[in-house]
Amino acid sequence: MDLQLKIYNTNTGKKENFNPINTPFVGMYLCGPTVYGHPHLGHSRGPVVFDVIIRYLKHIGYKVRFVRNITDVGHLLNDADEGEDKIGRKAKLEQLEPMEIAQYYSDSYHEQINKLNVIKPSIEPRASGHIIEQIEMILKIINSGYGYVVNGSVYFDVIKYSENYNYGKLSGRILEDLIAGAGESRRELEGQEEKRNPNDFALWKRASEEHIMQWNSPWGLGFPGWHIECSAMSAKYLGKTFDIHGGGMDLLFPHHESEIAQSTVCHNTQPANYWIHHNMVTINGQKMAKSLNNGILLSELFTGNHHLLEKAYSPITLKFFILQAHYRSTLDFSNDALKAAEKGLKRLFNTLDLLNKLKATEKSDFDFNLLKNSIYDALNDDFNTPIAIAQLFEIANIINKINDGFTTISNTDLSEMKIFVNTIIYDILGLKNDNHDSSEYIEPLINIIIDLRNEAKLQKDYKKSDELRDKLLNAGFEIKDGKNETTYSIIKN
RNA sequence: GGUCCUGUGGCCGAGUGGCUAGGCACGGCUCUGCAAAAGCUGCUACAGCGGUUCGAAUCCGCUCGGGACCUCCA
């Protein structure tokens with residue numbers, strides 16, 4: 001078993017041994033949502049992927065401070081043709097306070113994401129609550145000579161930065177290429193002419209009159225540039241250099257690249273040692289896009305209320321589905337794929353129930369440690385959850401065989417297996433059986449009915465026994481006749 | 001157009017030089033009054049073309065398809 005955790009670091013393009021700055025403490029920052037709409041499928045992957053990362057880090061003994069921000073300032077709508085704040089724009093359309101909108105959508109985000117049984121952030125800072133920190137940082141950048149002020153806006157001097165540092169390292173870009181390509185397909189937006197170089201990015205933007213979200217600053221009324229909030233908040237809560245910075249691959253450039261540049265000149269050190277980026281999701285092989293009319297909100301997935309969905313899928317099914325793919329691969333959603341995950345997960349939980357009823361014998365005729373180690377190996381190898389889950393199914397297989405008397409397990413292995421399997425499924429993968437009714441009254445009741453049915457069966461009154469079985473099924477209880485006993489599982493329609 | 005990623009069996013998805021995951025679906029069998037559940041079992045893939053190699057899904061090149069990003073805004 002390889003005890004060393006390896007993480008693929010986007011910044012170096014290699015898998016590296018994970019060594020925190022200050023063991024056993026780990027500081028981790030994840031770019032959170034911009035709250036201007038309800039969360040969709042794409043929003044779920046980051047929280048799920050990083051949830052397992054956090055849970056695993058904790059499992060192997062680290063103490064994790066997990067910071068995930070909420071961006072509630074500064075973002076523009078894609079189709080905005082002027083420098084209008086994304087949240088501000090919505091606010092004007094709906095005649096609401098901008099913060100009301102931000103609150104509404106961050107509540108929506110929390111409501112849906114929390115269904116995924118993910119560990120909540122230790123700190124969840126809002127960009128709007130850290131304007132002072134952002135201004136302070138911008139002042140430092142100006143003082144260090146890498147920022148300049150034009151007409152109440154402040155820009156970061158990328159050309160100057162690249163003379164001393166490597167702008168583009170994280171995203172694998174070469175500044176010369178960026179400059180060369182800068183002339184083409186450029187959208188005409190205000191402020192462009194203010195910059196010394198097209199590659200420069202805004203640290204602070206002057207607010208035009210119709211801007212609703214604006215703050216006072218040394219440069220007049222305005223709002224912070226997109227990248228600065230993550231730099232300011234991560235430094236505030238995790239330090240100038242921390243262990244892990246995560247996000248989606250779409251944020252690699254320019255967001256994370258610019259974060260590195262800002263933090264580097266501000267703090268004389270680069271912000272994060274390990275950069276982890278998860279891949280994007282597709283739907284039926286296509287990207288999610290408004291124009292394709294294939295965007296699915298999390299609420300729609302959970303209720304099944306969407307033209308592309310044949311049925312509803314539970315949050316835990318979604319989580320399991322996401323974890324069946326490696327986080328650095330694209331993940332394709334379809335009804336077939338979701339249904340496959342749902343059934344697989346159900347089987348896994350069924351065998352988990354069986355595990356508690358298993359009887360041990362003298363010895364095991366399989367190598368439990370081999371299976372156990374293969375799961376740790378998988379997780380240590382850049383959090384390879386698909387392999388871990390595959391091995392879990394191997395164990396499920398063995399559990400079923402033991403139950404049917406085709407395989408044996410020793411007492412030691414059995415008690416170890418119980419602990420281990422529960423740890424992996426509940427503590428590390430963060431799954432839960434959302435088909436389980438927590439009510440303690442249900443079980444004895446169902447067992448009474450099962451007894452009645454078995455009596456009917458003994459008397460060969462199959463009409464009655466089948467009727468009981470069908471009625472239970474309709475009520476959401478699936479009867480399973482085993483070799484020695486009859487069990488049931490709760491299903492949802 | 002530029003940079004990068006990617007193409008695996010009916011579907012989803014691991015695997016990066018030889019040992020050919022896993023889930024779901026489908027077929028057969030066992031168990032069973034029947035069904036379900038469970039077990040056993042069958043289906044054996046690596047976009048195409050060329051190259052490197054004793055040997056490639058895995059490395060290289062080209063072609064075709066999919067995707068991400070392309071700076072001021074988000």
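Order of the sequence lines fixes the chain letters, A, B, ..., with proteins taken first and strands second; residue numbering starts at 1 for each chain.
Using a 4.0 Å heavy-atom distance criterion, A:F321 is classed as a sugar-phosphate-only contact. Using a 4.0 Å heavy-atom cutoff across all strands shown, A:K343 reaches sugar-phosphate atoms only and no base atom. Backbone-only engagement by A:N397 is indicated by non-hydrogen atom pairs under 4.0 Å involving sugar-phosphate atoms exclusively. Residue-level contact check: A:A390 touches the bases, meaning some heavy atom is under 4.0 Å from a base atom. A:H255 comes within contact range of no nucleotide atom at all, as no heavy-atom separation falls under 4.0 Å. Among the atoms of the strands shown, base atoms are found under 4.0 Å from some heavy atom of A:K457. Residue contacts for A:S465: at a heavy-atom cut-off of 4.0 Å it reaches a base atom on one of the strands shown. Residue contacts shown for A:I479 include a base, since a base heavy atom lies under 4.0 Å away. Across all strands shown, A:E342 has no heavy atoms under 4.0 Å from either base or sugar-phosphate atoms. A:N350 comes within contact range of no nucleotide atom at all, as no heavy-atom separation falls under 4.0 Å. Nucleic acid contact for A:R469: base, since at least one base atom lies under 4.0 Å from a heavy atom of the residue. Residue A:D481 is classed as a base contact, given a heavy-atom separation below 4.0 Å to a base.
Checked against B:rG15, B:rA37, B:rG39, the side chain of A:N384 finds its nearest nucleotide in B:rG15. Comparing B:rC69, B:rG22, B:rG13 by their nearest atom to the side chain of A:F393 picks out B:rG22. Comparing B:rA35, B:rA21, B:rA14 by their nearest atom to the side chain of A:R453 picks out B:rA35. Side-chain proximity of A:F253 to B:rC70, B:rG33, B:rG22: nearest is B:rC70. Considering only the side chain of A:R347, B:rC24 comes nearest among B:rA14, B:rC24, B:rC40.
Aromatic pair A:F156/A:Y161: centroids less than 6.0 angstrom apart. Taking the ring centroids of A:Y105 and A:H38, they lie under the 6.0 Å cut-off. In this structure, A:H278 has its ring center at least 6.0 angstrom away from the ring center of A:F383.
The residue among A:S258 and A:L354 whose nearest nucleotide of RNA chain B lies closer to the 5′ end is A:L354. For the pair A:Q391 and A:A340, nearest-nucleotide mapping onto RNA chain B gives the more 5' position to A:Q391.
Between A:N400 atom CG and B:rG23 atom P the separation is 11 Å, expressed in whole Å. Summarising the geometry, the separation between CD on A:E310 and C1' on B:rC11 is reported as 12 Å, rounded to the nearest angstrom. Rounded to whole Å, the distance from CG on A:D381 to C1' on B:rU16 is 12 Å. Distance CD (A:E257) to C1' (B:rC4): 13 Å, rounded to an integer number of Å. Rounded to whole Å, atom C1' of B:rA21 lies 13 Å from atom CG of A:L371. Rounded to a whole Å, the NE2 atom of A:H326 is 17 Å from the C1' atom of B:rC12. Between A:W226 atom CH2 and B:rC70 atom P the separation is 8 Å, expressed in whole Å.
Residue A:N403 places none of its side-chain N or O atoms closer than 4.0 Å to OP1 or OP2 of B:rA38. In this structure, A:S489 does not reach the B:rA37 phosphate: none of its side-chain N or O atoms is under 4.0 Å from OP1 or OP2.
Taking a pair as Watson-Crick or G-U with both hydrogen-bonding distances under 3.5 Å, the stems of three or more pairs touching RNA chain B are B:1-7 with B:64-70, B:10-12 with B:22-24, B:26-30 with B:38-42, B:47-51 with B:59-63.
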Are any protein N/O atoms closer than 3.5 Å to N/O atoms in nucleotides 63-68 of chain B? If there are, list each pair with its distance.
none

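Within a 6.0 Å radius of NZ in A:K480, more than 12 heavy atoms belonging to other residues, nucleotides or ligands are found. More than 12 heavy atoms of other shown residues, nucleotides or ligands fall within 6.0 angstrom of atom NZ in A:K418.
At least one test fails for A:R196 against the ring of A:Y155: distance under 6.0 Å to the centre or angle within 45° of the axis.
By the 4.5 Å heavy-atom criterion applied to side chains, A:I141 and A:L203 are counted as neighbours. No side-chain heavy atom of A:L345 sits less than 4.5 Å from a side-chain heavy atom of A:K319.
For a distance-only test at 3.5 Å, the side chain of A:D336 fails to qualify as a donor-acceptor partner of the base of B:rG10.
When each of A:Y167, A:W226, A:W275, A:Y29 is checked for a ring-ring contact (aromatic ring centres under 6.0 Å, His included) with A:H256, only A:W275 meets the rule. Applying salt bridge (charged side-chain N to carboxylate O under 4.0 Å, His left out) to A:E467 and the options A:K471, A:K464, A:K463, A:R469 leaves one that passes, A:K471.
Distance noted for atom P between B:rA35 and B:rG27: 14 Å (whole Å). The same atom, P, is picked in B:rG18 and in B:rU3; the two are 32 Å apart, to the nearest Å. Nucleotides B:rG61 and B:rU52, compared at atom C1', are 11 Å apart to the nearest Å. Separating the C1' atom of B:rA14 from that of B:rC46 is a span of 12 Å, rounded to the nearest Å.
Ring geometry for A:F366 against A:F368 counts as perpendicular: the plane angle is over 60°, on a 0 to 90° scale with 30° as the lower cut.
Across all their heavy atoms, A:M213 and A:F223 have their closest contact at O-CB, 4.1 Å.
Stacking between A:F406 and the base of B:rG39 is absent under the criterion of ring centres within 5.5 Å and planes under 30 degrees.
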